[in-house]
Amino acid sequence: GAVVSQHPSRVICKSGTSVKIECRSLDFQATTMFWYRQFPKKSLMLMATSNEGSKATYEQGVEKDKFLINHASLTLSTLTVTSAHPEDSSFYICSARPAPTGRNEQFFGPGTRLTVL
Amino acid sequence: EDKVVQSPLSLVVHEGDTVTLNCSYEVTNFRSLLWYKQEKKAPTFLFMLTSSGIEKKSGRLSSILDKKELFSILNITATQTGDSAIYLCAVDPSQGGKLIFGQGTELSVKP
């Protein structure tokens, strides 16, 4: 149980294009999903917290107009990188927290590697 | 500012060795501390610790939390090459579920 998928797993795009990444909880409902960014050999940097049916909460320094987050259902959140540039190249990971259990156990997706040329 | 610090940042050992990874934290509120193992893709959950002094164990891995001194350790005994990974420590500061991650410890186990 507690499987989270991400799609696509890898994407290469040209500078200036937009890229959408999907995060799905496959066998549980997730009222909250989180989007992280990870640079090589670095830890996870939280970008935003996505709550189903409401606006995402962005961490300081993360541009909300550049990284659009939508959490339309209890099993799906999407991250759209708009007008991508080479500096946006990174490993993007989502995690999902099951509907209230009293435990903050997050389950991670396999990640999406974005390369912007 | 809430922060989580792991040490060492990297470690190279030989198969059969025992390793101890450290995680210290400073947070305004504390609910739990979590350990994850990350190989090539996403982190996989190892342990969640909420109470001081109670060891969590899973096979050759074990972890314990000291809430007075604000740290946790992750022990791996009889290491194997498959233990090679980045080990991440994260703290839940009771702020809407987000986790604060440390920098990670990159463990390399040589045959």
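Note on naming: letters A, B, ... go to the chains in the order of the sequence lines (proteins, then strands), and numbering restarts at 1 for each one.
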| Heavy-atom pair of closest approach, residues B:Ala42 and A:Pro110 | CB-CA, 3.7 Å
| From CG (B:Leu99) to CZ (A:Phe34), nearest 0.5 Å | 6.5 Å
| query | Should we say atom NZ of B:Lys3 is surrounded by more than 12 heavy atoms from elsewhere, each under 6.0 Å from it? | reply | no
| task | Examine whether an atom of A:Glu59 lies under 4.5 Å from a heavy atom of chain B, and if so say whether it belongs to the side chain, the backbone or both; otherwise answer neither. | result | side chain
| message | Side chains of A:Gln106 and B:Tyr36, heavy atoms from C-beta outward: is any pair under 4.5 Å? | response | yes
| query | Is it the side chain or the backbone of A:Ile93 that comes within 4.5 Å of chain B heavy atoms, both, or neither? | reply | side chain
| request: Under 4.5 Å heavy-atom distance to chain A, tell me which part of B:Gln6 shows up: side chain, backbone, both or neither. | output: neither
| field | Joint cluster assignment, A:Val19 & A:Val62, ILVMFWY side-chain distance < 4.5 Å | value | yes
| field | Flag if over 12 foreign heavy atoms under 6.0 Å of NZ, A:Lys64 | value | no
| query | Is there a donor-acceptor contact under 3.5 Å from the side chain of A:Ser43 to the main chain of B:Gly102? | reply | yes
| query | If you round to the nearest 0.5 Å, how far is OG1 of A:Thr32 from NZ of B:Lys98? | reply | 13.0 Å
| field | Joint hydrophobic cluster, B:Leu21 plus B:Ile100, side-chain heavy atoms closer than 4.5 Å | value | yes
| request: Treat each ILVMFWY residue as a node, draw an edge where side-chain heavy atoms are under 4.5 Å apart, and state whether A:Met45 and B:Tyr25 are in one component. | output: no
| field | Atom NE2 of A:His7 with >12 non-hydrogen neighbours under 6.0 angstrom | value | no
| query | Is A:Val4 reachable from A:Leu114 through a run of hydrophobic residues whose side-chain heavy atoms are each under 4.5 Å from the next? | reply | no
| query | Hey, mind stepping through A:Phe108 and B:Phe45 against ring-ring contact (aromatic ring centres under 6.0 Å, His included) and telling me if it holds? | reply | CA-CA 9 Å; A:Phe108 287 84; B:Phe45 173 79; 9.8 Å; no
